[in-house]
Amino acid sequence: MDYNKCIHGVPLILERSPFFTEQLTAFEVWLDHGSEHKKLPEQLPIVLQVLLSQCHRFRALVLLGRFLDMGPWAVDLALSVGIFPYVLKLLQTTP
């Protein structure tokens, strides 16, 4: 078995999985209906990971922007979850 082929295929499998789409949808629902509680949305760490997935990146950026526009409390939550490594990695990727 060629392990390199298996490892390189993992991101493609994950991108085709409905998991990320479902998590983005759940985050969008939270933004629309649950955000008044100002608690950490469960999906925020996953949304940050999705930034690195090219096929979901645009939607994740739009939703993350909506979240950060909610104010300093949202920015603090994003910082506490560890947004910097994801943004750095995103900036280092080639389009």
Between CZ on residue Phe84 and CG on residue Leu48, distance to nearest 0.5 Å | 11.5 Å
Look up atom CG in Leu61 and atom NE2 in His56, then write down how far apart they are to the nearest 0.5 Å.
-> 13.0 Å
Linking I/L/V/M/F/W/Y whenever their side-chain heavy atoms sit closer than 4.5 Å, directly or via other members, would Phe67 and Phe58 fall into one cluster?
-> no
With no hydrogens and no angle check, do the side chains of Thr25 and Arg59 hold a donor and an acceptor under 3.5 Å apart?
-> yes
On a heavy-atom basis, the closest approach of Leu68 and Ala78 is CD2-CB, 3.8 Å
Listed by chain and number, what are the side chain to side chain donor-acceptor pair (under 3.5 Å) partners of Glu42, not counting sequence neighbours?
-> none
To the nearest 0.5 Å, tell me how far Ile46 CD1 sits from Leu51 CG.
-> 12.5 Å
Could you give me the CA-CA distance, side-chain angles and deciding distance for Leu77 and Met70, then say whether side chain to side chain contact (heavy atoms under 4.5 Å, CB included) is met?
-> CA-CA 11 Å; Leu77 284 176; Met70 295 177 133; over 6 Å; no
Asp76: side chain to side chain donor-acceptor pair (under 3.5 Å) partners, not counting sequence neighbours | none
Mind running side chain to side chain contact (heavy atoms under 4.5 Å, CB included) on Ile83 and Val75 for me, showing each step along the way?
-> CA-CA 9 Å; Ile83 192 172; Val75 174; over 6 Å; no
Among the clusters formed by ILVMFWY side chains lying less than 4.5 Å apart, do Leu63 and Val29 turn up in the same one?
-> no
Same cluster (ILVMFWY, side-chain, under 4.5 Å), Phe20 and Val62 | no
In one Ile/Leu/Val/Met/Phe/Trp/Tyr side-chain cluster, 4.5 Å: Leu88, Val47 | no
Please name the pair of heavy atoms, one in Trp30 and one in Lys39, separated by the smallest distance, quoted to 0.1 Å.
-> CZ2-O, 3.1 Å
Non-hydrogen side-chain atoms of Asp32 and Glu28 separated by less than 4.5 Å | yes
Heavy-atom pair with the smallest gap, counting every atom of Thr93 and Arg57 | OG1-NH1, 4.2 Å
Do you know which two heavy atoms are closest between Gly82 and Pro85, and how far apart they sit?
-> O-CD, 3.2 Å
